[in-house]
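Because the structure is a prediction, the values reported are computed rather than measured.
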Amino acid sequence: MLSATYSFPAIKLPARLTGGRYLLALLRARAKEAVAVAVVAALWSLPAAILPLVVGKGIEAISAKSWPDVWRWTIIAALLGVGQTVFGTITHFISYGNWLHGACVTQRLVTEHTAKLGASLREKTTTGNVVAIASSDINYIGNVFEVMGRVFGSVIAFVVIGIALLTNSVLLGVVALVGVPLAVLGIGPLLAPLQKRKAAQREDLTDVNALGADIVSGLRILRGVGGEKQFLGRFREASQRVRRAGVEVGRSESLLAAAEIALPGLVTIAITWLGAQLALDGTITVGELVAFYGVSAYLVVPVMTATEAASSISGGLVSAKKVCGILALEPKLADPEQPEPLPEGALELFDSESGLTIEAGQLTVIDAGVAGEPLAERLSRFADAADGERVLIGGVEADRVALAELRRRVVFAHNQDIWFSGILREQVTPPNPSEVGVAAALFAADAEDIVEALPNGVEELIGERGREVSGGQRQRLNLARALATDADVLLLDEPTSAVDAHTEARITERIAHLRQGKTTVVFAQSPLWTHVADRVISLKVPV
């Protein structure tokens with residue numbers, strides 16, 4: 001829902017990505033909002049910083065029994081409260097928008113990039129790493145942008161407080177201007193261990209996510225071989241590592257929390273004690289003493305905000321580094337810089353490595369054994385040809401065709417293709433317009449009996465990996481999905497290996513009729529396929 005309503009700015013990422021550079025790129029894309037929240041946050045923080053001074057003036061007016069001055073300072077205090085409320089609301093609104101920017105843009109960039117990586121993603125990273133980015137890392141990155149405005153506002157408020165203290169007492173002003181920065185610097189040594197522990201926790205979280213995904217995907221197999229207890233023990237052990245890492249992070253954060261109270265508290269004690277001495281000496285009034293105490297107590301806020309910002313930036317850098325690791329992954333297959341279009345209509349295929357030519361518009365059956373899948377991957381460019389070899393599609397070299405056009409015009413359907421969770425009709429309907437309807441595709445794949453047995457027919461929800469149907473039924477539904485694309489070139493790898501002979505006979509005849517005039521290549525050894533083929537090729541030598 002957020003992605004549908006949020007307007008994403010254009011992000012220009014640097015050529016050499018690091019965590020810091022990634023965060024800066026996101027910041028540049030929302031520079032106006034960053035400046036706006038800084039200004040508004042300053043207007044939000046200033047009333048809270050000035051209010052103790054106004055209260056001190058009011059106390060002095062009460063001591064002097066100057067009621068007009070009492071009313072004047074009372075009205076000023078009320079206006080400061082209203083201003084703080086208004087600007088605080090605006091600050092939180094813009095800050096939340098900045099949080100959405102950091103989190104949602106990161107989610108979008110990672111999602112788009114992983115989609116471009118396609119099948120090569122599994123070879124380059126783990127499921128747990130991708131899940132961790134989507135579930136936790138985007139939150140840490142968003143927190144960096146949420147806290148920026150409040151940090152700037154706290155700095156402005158601190159400067160104003162320091163000037164006010166210097167105006168009334170040079171000694172107190174110096175203590176504040178020197179003590180608070182020293183308190184912030186005193187927190188610095190705690191940040192490096194925190195970042196290190198957060199990085200370790202992030203790695204453990206990736207591992208437990210990956211293990212959980214593997215267990216879920218192989219649950220049936222685990223139950224079949226009785227491996228539930230063994231994997232439960234592994235998952236518990238991994239979960240405990242995450243817990244222990246979280247405890248270490250909590251210890252570092254608790255030390256930070258203690259330091260952010262204790263260190264500025266010492267400054268407050270020093271200012272209050274010195275102010276009391278000055279009041280006893282008659283150097284300052286009681287009202288000024290109260291003002292100094294209120295101002296020094298407020299100094300805790302800038303330190304707490306600085307600590308929060310340090311913690312957020314520390315976690316954000318760790319998460320941004322992981323995001324950059326994903327964004328730096330290169331797809332296995334690259335799009336050509338100047339792609340060439342494929343000719344219209346049925347396409348001829350040529351593979352120089354095997355010397356194989358497949359005529360356009362024919363149903364060709366190839367008996368290649370274990371060499372069939374590598375050949376199909378080359379013909380559909382799911383793998384590039386070896387050095388010195390080439391694959392031609394419609395007379396155009398395969399690596400010169402844009403991948404988007406290639407995937408639309410040339411479809412390779414493996415008999416082990418994954419079925420995602422979704423409505424059957426939506427799953428079979430191709431992403432691009434097609435002249436082959438869902439009903440025609442299901443009929444050609446002899447899958448009508450499957451649909452009739454479902455309570456809601458084609459509107460039935462089929463779960464992930466098609467667990468509600470048998471292996472043969474799932475294979476027929478996958479075949480229907482491939483046929484519905486009505487691709488100019490369709491490569492089928494053992495599409496009927498899990499069905500009986502009678503069903504296979506019906507499927508071969510129906511596909512031969514449906515695919516007339518289209519280039520269809522079937523990698524199979526069944527005589528039922530050779531019976532309907534326009535051409536049969538037997539590759540005796542591995543390719």
Side-chain angles (χ1 to χ4, degrees), residues 119 346-351 353-383 391 393 409-419 428 436 440-450 466 469-543:
L347 301 170
E348 180 186 83
L349 304 178
F350 171 73
D351 176 52
E353 188 172 336
S354 62
L356 180 66
T357 299
I358 296 173
E359 300 294 335
Q362 292 188 357
L363 193 160
T364 304
V365 175
I366 301 177
D367 179 5
V370 295
E373 186 172 338
L375 174 58
E377 290 180 347
R378 292 200 302 273
L379 293 175
S380 56
R381 211 200 162 204
F382 277 97
V391 173
I393 301 175
R409 302 282 304 277
V410 181
V411 173
F412 173 33
H414 197 281
N415 62 3
Q416 297 298 324
D417 283 343
I418 295 176
W419 184 276
V428 176
V436 177
L442 291 169
F443 173 78
D446 197 36
E448 292 179 309
D449 61 316
I450 304 173
V469 296
S470 67
Q473 290 175 328
R474 184 167 59 249
Q475 189 178 69
R476 283 186 281 162
L477 292 177
N478 282 339
L479 178 57
R481 183 173 60 183
L483 294 172
T485 63
D486 195 28
D488 293 318
V489 177
L490 180 61
L491 299 99
L492 303 173
D493 179 37
E494 296 288 354
T496 52
S497 60
V499 302
D500 59 78
H502 295 288
T503 303
E504 184 179 22
R506 289 193 296 271
I507 291 174
T508 57
E509 292 176 358
R510 292 174 183 180
I511 289 180
H513 176 73
L514 180 69
R515 294 286 301 172
Q516 282 184 354
K518 304 280 187 179
T519 305
T520 307
V521 183
V522 180
F523 294 87
Q525 301 177 7
S526 170
L528 293 172
W529 278 107
T530 61
H531 177 71
V532 299
D534 296 312
R535 184 185 178 197
V536 179
I537 301 174
S538 178
L539 296 177
K540 303 298 183 182
V541 182
V543 294

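- Note: Glu359 CD to Thr364 OG1 = 7.5 Å, rounded to the nearest 0.5 Å.
- Going from atom OG1 of Thr357 over to atom CZ of Arg535 covers 7.0 Å, rounded to the nearest 0.5 Å.
- The shortest distance between side-chain heavy atoms of Arg476 and Asp446 falls below 4.5 Å.
- Nearest heavy-atom pair, Leu375 versus Ser354, reported as atom, atom and distance to 0.1 Å: CD1-OG, 4.0 Å.
- Considering CD1 of Ile450 and CZ of Arg474, their distance stands at 10.5 Å, rounded to 0.5 Å.
- In summary, of the residues considered (Val532, Leu479, Leu483), a side-chain contact (heavy atoms from CB on, under 4.5 Å) with Ile507 occurs for Leu479 alone.
- Taking 4.5 Å as the limit, some side-chain heavy atom of Leu539 sits within range of a side-chain heavy atom of Ile366.
- Between Ala413 and Ala482, the closest heavy-atom pair is CB-CB, 3.6 Å.
- Residues Thr519 and Ala360 approach most closely at OG1-CA, 3.4 Å, considering heavy atoms.
- Not one N or O on the side chain of Gln362 forms a donor-acceptor pair closer than 3.5 Å with the backbone of Asp534.
- A heavy-atom distance below 4.5 Å is not found between the side chains of Val536 and Asp367.
- Residues Ala533 and Val365 come closest through the heavy atom pair CB-CG2, 3.4 Å.
- With a 4.5 Å cut-off on side-chain heavy atoms, Arg506 and Thr503 count as touching.
- Residues passing the salt bridge (Lys or Arg N to Asp or Glu O under 4.0 Å) test with Arg481, sequence neighbours excluded: none.
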side-chain contact (heavy atoms from CB on, under 4.5 Å) evaluation trace for Arg409 with Leu347: CA-CA 9 Å; Arg409 302 282 304 277; Leu347 301 170; 3.8 Å; yes

Test side-chain contact (heavy atoms from CB on, under 4.5 Å) applied to Val410 and Leu491, step by step: CA-CA 8 Å; Val410 181; Leu491 299 99; 3.6 Å; yes

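- Put simply, the side chain of Phe412 reaches to within 4.5 Å of the side chain of Glu377, judged on heavy atoms.
- Looking at Gln475, its side chain does come within 3.5 Å of a backbone N or O of Ser497 through a donor-acceptor pair.
- Residues Leu379 and Ile358 meet the side-chain proximity criterion, which asks for heavy atoms closer than 4.5 Å.
- Note that CH2 of Trp529 and CD1 of Ile511 are 3.5 Å apart. Values are rounded to the nearest 0.5 Å.
- In this structure, Val522 and Leu490 have side chains that are not in contact, with every pair of non-hydrogen atoms separated by 4.5 Å or more.
- Heavy atoms only, all atoms of each residue included: Thr530 and Pro527 are closest at OG1-O, 2.7 Å.
- Separating the CD atom in Glu353 from the CZ atom in Arg378 is a distance of 4.0 Å, to the nearest 0.5 Å.
- The two residues Ala480 and Val428 make their nearest non-hydrogen contact at O-CG1, 4.0 Å.
- Separating the CG atom in Asp486 from the CZ atom in Arg515 is a distance of 6.5 Å, to the nearest 0.5 Å.
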